[in-house]
Amino acid sequence: MGAAITVDALVMTYGSLRAVDGVSFDVRPGEFFGLLGPNGAGKTTTLETVEGLRKPDAGSVAIDGYDPWKRQPELQRRIGVQLQSSAFFERLTAREQLVTFASLYGVASGRADELLEQVGLTDKANSPVEKLSGGQAQRLSIACALVHDPEVLFLDEPTAALDPQARRNLWDFLEGLNDSGRTVVLTTHSMEEAEVLCDRVAIIDRGRLLKLDTPQALIRGLDVATRISVVPGLVRPHEARAWPGVADVVESDVALVIETRDPGPVLAALAERDALEGLAVTKGTLEDVFLSLTGREYRA
């Protein structure tokens, strides 16, 4: 099966700034694909070029063989776009928003009711958009992008500024979209979100593609110590530091965390002391991969 999206040696510049510098990747049909990067890394510019909102200075983009910049009706019906900031028609209800979007694609108004049910907004159908919560507005924005039943969906930070409950609910909804066979391309600052949702992720920084693989493969390839945590007070930190292979020990009011590259002896020592309460063992996360590639300095 060929690629749903092909990006080849993409270049975008703003004056002397090379915002996207020779980025290449493929997105497979039915894949949930993540674009990750710090602020100013070039991920949103890359996404907007793939969507056809910007013309590349060099390189090429193809979606199902079509050039998105050429505004071809055959392609426009195949893609849906949810932008970083939602913009709705003023003074319309949630249902009226969807009916309006549907009419632009020649889709029957009954589609609005189907989507309201799918995104869990049936009870908000007659509510003005300014009365919707952040999570509800995000779901409505995604529903607008789905009104014409696109095969490829682009999501630019869909859960930004949402509370944990709203974010988790939206994750469930997005997983369902992908399970239905759609290709989904996501940008996000949430490494947890990317780890949960994405089949593969591309990490971009300073306009260049640094790594592309499954989250699990990227984490396995990370050279970091295993973190073993237990309830504090079960073992004294100075005692744990003396165990073979222990690199560091940090105790807080929440947990005693032991870092080691040889977890077997540490787990055995904890078991001997009956100190396994609250045991958790982790070896890196996608956030650790991200920080190892892009650095830890703050970027506004």
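Computation of the quantities below employed the complete heavy-atom set of this structure, encompassing side-chain atoms and omitting hydrogens, waters and symmetry-equivalent molecules.
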Self-check item: Close side-chain approach of D113 and R95, heavy atoms under 4.5 Å
Solution: yes
Quiz prompt | side chain to side chain donor-acceptor pair (under 3.5 Å): pairs with one or both residues in residues 243-269, sequence neighbours excluded | solution = D223-R261
Quiz item: Judged by atom type as modelled, is there a donor-acceptor pair below 3.5 Å linking the side chain of S141 to the main-chain atoms of A137?
Solution: no
Quiz item: To the nearest 0.5 Å, how far apart are CG in L115 and CZ in R111?
Solution: 4.0 Å
Quiz item: Does any N or O in the side chain of R139 come within less than 3.5 Å of the main-chain N or O of Q118, such that one atom is a donor and the other an acceptor?
Solution: no
Practice problem: Keeping the roles fixed (side chain from R54, backbone from E48), state whether a donor-acceptor pair exists under 3.5 Å. | Solution: no
Self-check item: Side chains of T187 and D156, donor plus acceptor under 3.5 Å
Solution: yes
Self-check item: With sequence neighbours excluded, residues passing side chain to side chain donor-acceptor pair (under 3.5 Å) with Q136
Solution: S133
Quiz prompt | Residue pair L75 / I79, side-chain heavy-atom distance below 4.5 Å | solution = yes
Quiz item: Would a hydrophobic clustering, with Ile, Leu, Val, Met, Phe, Trp and Tyr connected at side-chain separations under 4.5 Å, put L276 with L234?
Solution: yes
Practice problem: Using the test salt bridge (charged side-chain N to carboxylate O under 4.0 Å, His left out), find all partners of E287 that sit at least two apart in sequence or belong to another chain. | Solution: none
Practice problem: Quick one: do D64 and R78 satisfy salt bridge (charged side-chain N to carboxylate O under 4.0 Å, His left out)? Show the steps, please. | Solution: CA-CA 9 Å; D64 290 336; R78 296 188 184 191; 3.5 Å; yes
Quiz item: Tell me, do L132 and K124 make a side-chain contact under 4.5 Å, heavy atoms counted?
Solution: yes
Exercise. Verify whether the ring centers belonging to F101 and F89 lie closer than 6.0 Å.
Key: yes
Quiz item: In Å and rounded to the nearest 0.5 Å, what is the CD to CG distance from Q82 to L186?
Solution: 9.0 Å
Exercise. Hey, could you give me the CG/CD1 distance between L36 and I204, rounded to the nearest 0.5 Å?
Key: 8.5 Å
Quiz item: Applying the 4.5 Å side-chain criterion to the ILVMFWY set and letting contacts propagate, would V250 and L256 be lumped into a single cluster?
Solution: no
Exercise. Could I get the full list of side chain to side chain donor-acceptor pair (under 3.5 Å) partners for S180, not counting sequence neighbours?
Key: R182
Quiz item: Do V61 and W69 share a hydrophobic cluster, counting only Ile, Leu, Val, Met, Phe, Trp and Tyr and linking them when any side-chain heavy atoms are less than 4.5 Å apart?
Solution: no
Exercise. Could you check D57 against R18 for salt bridge (charged side-chain N to carboxylate O under 4.0 Å, His left out), going step by step and ending with a plain yes or no?
Key: CA-CA 10 Å; D57 295 315; R18 207 171 177 91; over 6 Å; no
Quiz prompt | OG1-CE distance between T46 and M12, expressed to the nearest 0.5 angstrom | solution = 9.0 Å
Quiz item: Which residues satisfy the side chain to side chain donor-acceptor pair (under 3.5 Å) test with E192, sequence neighbours excluded?
Solution: R168
Quiz item: Distance only, no hydrogens: is a donor on one side chain within 3.5 Å (strictly under) of an acceptor on the other, for N126 and T93?
Solution: no
Exercise. Kindly indicate, with the supporting measurements, whether the criterion side chain to side chain contact (heavy atoms under 4.5 Å, CB included) is fulfilled by F173 and I142.
Key: CA-CA 10 Å; F173 175 66; I142 294 171; 3.7 Å; yes
Self-check item: Heavy atoms from other residues, nucleotides or ligands near CG of D274 exceed 12 (cutoff 6.0 Å)
Solution: no
Quiz item: How about E130: does its CD atom have over 12 heavy atoms from other parts shown lying under 6.0 Å from it?
Solution: yes
Quiz item: Any side-chain heavy-atom pair from I203 and V289 closer than 4.5 angstrom?
Solution: yes
Quiz item: Quick one: are E175 and N178 in side-chain contact, heavy atoms under 4.5 Å?
Solution: no
Self-check item: Partner set under side chain to side chain donor-acceptor pair (under 3.5 Å) for E193, not counting sequence neighbours
Solution: T159, W171, T188
Quiz item: Got a second to check how far L170's CG is from L197's CG, nearest 0.5 Å?
Solution: 8.5 Å
Practice problem: Indicate yes or no: at least one non-hydrogen side-chain atom of R206 is less than 4.5 angstrom from one of R208. | Solution: no
Quiz prompt | Common cluster, V50/V11, ILVMFWY with side-chain heavy-atom separation under 4.5 Å | solution = no
Self-check item: CG on D288 to CG on L218, rounded to 0.5 Å
Solution: 12.0 Å
Practice problem: Could you tell me whether the side chain of V249 reaches within less than 4.5 Å of the side chain of V257, counting heavy atoms only? | Solution: no
Quiz item: Linking I/L/V/M/F/W/Y whenever any side-chain heavy atoms sit under 4.5 Å apart, do V281 and I219 land together?
Solution: no
Practice problem: May I ask you to test the V152-I5 pair for a side-chain heavy-atom distance under 4.5 Å? | Solution: yes
